[in-house]
Every structure is written in C-alpha cells, then in structure tokens.
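Both ligands and their constituent atoms are indexed starting at 1 by order of listing.
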Amino acid sequence: MSGETIGFIGIGRMGLPMASRLVAAGYRLVAYDVQGQALSAITAKGAEKASSPADVASRAEIVLASLPMPDIVREVALGENGVGAGTRAKLFVDLSTTGPRMAKTVAAGLKERNITAIDAPVSGGIAGATKGTLALMVAGPAAECERLKPVLQNLGKYFYIGAEPGMGQMMKVINNLLSATATAATSEAIVLGVKAGLDPYLMIDVINSGSGRSAASEDKFPKSILPRSFDFGFALGLLSKDVNLCIAEAEALGVPMWIGNAVKQMWLYGLAQGGPDQDFTNLITHIEKWAGVTVGGKRR
Ligand code: NAD
C-alpha cells in the first residue's frame with residue numbers, strides 16, 4: 001500500500017535501486033546503512049535516515065534488508081542493536097543471499113521477539129533491480145507473504161516457494177550455482193577458442209544463435225567481458241559465497257555434486273587471485289593466464 005512506512009537496511013549495489021523503486025512507488029522509506037555515502041544516496045531520493053537496524057525496526061512494521069554476508073544478516077537481525085530490538089517491526093524480509101541455514105537461524109531468533117522472518121532472495125542483478133524485473137523467491141508463512149506481495153511486486157516477479165524458512169534461499173543458491181557454472185564454463189571455453197585463433201566476438205555471436213548459450217553468453221560476455229570493462233556489478237566474493245552456500249547444503253543433504261565442486265574451486269581460485277571485491281566477470285582474466293591469451297578488447 002502506497003504511503004505505508006517501509007524500513008530498508010543495506011543500500012548497496014542492489015539495495016539502492018530496490019529502495020529507490022519503493023520511494024518512487026510512494027512508500028515512506030526509513031533507511032540504514034553502515035556507510036554514510038550509501039545512506040545519502042537514498043535520502044537524496046526522499047528516504048528518511050535511521051541510526052541503526054533497531055531504529056529502523058522501531059519506525060516500520062515491514063523491514064527489508066539487502067546485505068552482503070550471512071554473518072552480517074545475523075548481526076543486523078539478532079544483534080544488540082538489531083531488528084529484534086525494535087519496537088514496531090512485525091516482518092523482517094531478507095532480500096540478500098544468505099543460505100537456508102542462516103534464514104532458519106534468523107527466523108527462530110526473531111520469532112522469540114514476535115517478528116516473522118521471510119526469506120526473499122532475488123535474481124536479475126542491478127539491471128533487474130533498476131527496472132523492477134527481478135525474480136523474487138519468497139518463503140515463509142503464507143498469510144505474511146501474501147501481505148508482502150504488493151510491496152515486493154514493485155521489485156519484480158513474485159514466486160512463492162514455500163512456508164518453511166530457508167526454502168527461498170535454497171532456490172536462490174541453486175540458481176546461482178547454475179549462473180556461476182555457466183560463467184566459469186563459458187570463460188574457460190572462450191579462452192580455449194582464442195588460443196586456437198578464433199575471434200571471441202564471433203564465438204559469442206555463434207553461441208548465442210546456437211545451443212551453447214546461457215545468461216553468461218547472452219548478457220555477461222557482451223556487456224562486461226568482451227569489452228573488458230568488468231563492471232557487471234556483482235562482487236566475486238559474493239558469487240563465491242553463493243556457490244559455497246549451495247555446496248554446503250548439498251553436503252548436508254548427502255547429495256553428490258561433481259560439477260558443483262569443480263565450479264566452487266574455480267571461484268575460490270578467482271578469489272585467491274583477484275580478491276573478493278573484484279567484479280565477478282574478472283574470473284576470465286585469471287583463466288587467461290593458463291593459456292597465455294587475452295580475450296576481447298576492441299571488436300575487430
Ligand atoms: P553491496 O556490497 O553492494 O551492498 C551491501 C550494502 O550493505 C553496502 O552498502 C554496505 O555498506 C551495507 N552493509 C554492510 N554491513 C552492514 C551492516 N552491518 N548494517 C547495515 N548495512 C550494512 O552488495 P550487493 O551487490 O548489493 O548485494 C547485496 C546482497 O544481494 C548480497 O547478499 C548478494 O549476494 C545479493 N545479490 C546481489 C546481486 C548483484 O548483482 N549485485 C544480485 C542478486 C543478489
């Protein structure tokens with residue numbers, strides 16, 4: 001409902017465009033981020049500044065969060081000055097990718113404070129967040145999720161995954177394992193083609209007209225890898241975190257994942273080479289070293 005107050009914690013690469021859409025939709029937004037600059041970016045658009053997650057949760061019944069790592073989500077939800085210490089919040093909605101286990105921990109901790117936790121991780125990147133075309137994977141009690149639907153539909157397509165906390169997170173880490181697999185495999189394949197003397201632009205054109213295509217070949221290569229801008233907008237450390245979360249679930253459930261484990265090692269290698277803050281599209285630069293070639297640059 002427009003005019004309602006919504007809390008928003010974590011105004012980063014994804015948080016800023018999502019929060020901006022809610023302001024534009026007419027919600028009164030109360031925002032918090034540890035970085036003053038991130039917070040200013042949303043207050044400039046009309047949001048009100050809060051001083052802590054607890055402050056946000058004392059001013060809004062619905063609190064959304066888009067935070068980088070699982071431990072940060074735990075602290076923001078359950079820590080001393082966390083959402084659980086607020087006086088008004090009824091729903092805590094985690095849009096971050098934090099894995100099923102953290103979703104369950106947060107849900108159990110907040111339940112003691114009469115706050116329902118909903119996991120609603122998103123897919124579609126900054127472009128999807130800006131255009132409102134994300135896929136939202138929503139899990140939690142049906143009535144509360146239904147109440148959130150009109151809010152979340154401002155951000156993209158609403159998928160109700162199930163009633164158990166963490167089911168949305170499970171869906172999300174499976175999606176990201178596939179996305180990470182396509183990016184790693186396409187990077188390796190294009191490096192091979194370049195070593196063999198093929199034109200990488202032509203290769204991507206052919207692949208996108210053929211059966212080897214994926215979101216990596218259709219989106220990541222043309223936008224950020226072939227032009228070597230490496231600016232897709234998702235940190236390598238965060239994608240590696242997502243793959244690790246997925247493999248940890250597979251291990252806990254006793255499901256073997258040969259390909260998944262190879263993909264996990266590829267991203268750990270990228271992490272060791274380039275650090276967590278690099279854009280994830282840089283993975284190919286670390287693969288190029290094996291073959292002694294450079295992919296892309298100016299189109300021939
Ligand atoms: P980001 O690092 O750009 O943003 C995270 C924000 O959280 C930053 O502004 C940071 O200052 C803030 N923050 C950190 N600790 C905090 C705390 N204790 N309290 C309040 N704010 C805090 O990350 P991002 O790329 O926006 O990703 C956010 C989440 O969304 C991650 O879980 C990521 O895996 C997921 N995600 C990202 C993308 C993408 O394309 N970038 C796509 C889908 C999902």
Within-cut-off N or O pair, [X] and ligand 1, under 3.5 Å:
X: F234; value: no
X: G233; value: yes
X: R13; value: yes

* Asked: Taking only residues at least two apart or on different chains, which pairs with a member in residues 147-168 satisfy ring pair (Phe, Tyr, Trp, His ring centres under 6.0 Å)?
  ->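 Sorted pair list comes back empty.
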* **Pairs touching residues 176-230 that satisfy ring pair (Phe, Tyr, Trp, His ring centres under 6.0 Å), sequence neighbours left out** =>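 Every candidate ring pair (Phe, Tyr, Trp, His ring centres under 6.0 Å) pair involving residues 176-230 fails, so no pair, neighbours aside, qualifies.
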May I ask you to identify, for [X], whether its side chain, its backbone, both or neither come under 4.0 Å of ligand 1 on a heavy-atom basis?
X: M69; answer: neither
X: I72; answer: side chain
X: T98; answer: neither
X: V76; answer: side chain

* Of the listed options D33, L238, L245, closest to atom 23 (O) of ligand 1 (non-hydrogen atoms) ->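 Among D33, L238, L245, the closest heavy atom to atom 23 (O) of ligand 1 belongs to L238.
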Which atoms of ligand 1 sit under 4.0 Å from any heavy atom of [X]?
X: G125; result: 40 (O)
X: T97; result: 32 (O), 34 (O), 35 (C), 44 (C)
X: I11; result: 9 (O)

* **Mutual orientation of the aromatic rings belonging to Y269 and W290 [parallel < 30°, tilted 30-60°, perpendicular > 60°]** =>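 If you compare the ring of Y269 with that of W290, the planes turn out tilted.
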* Asked: Shortest non-hydrogen contact from T186 to A216?
  ->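 That would be OG1-CB, 4.0 Å.
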* Heavy atom of the protein closest to atom 28 (C) of ligand 1 (residue, atom name, distance) ->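 Heavy-atom neighbour on the protein nearest atom 28 (C) of ligand 1: S66 OG, 3.6 Å.
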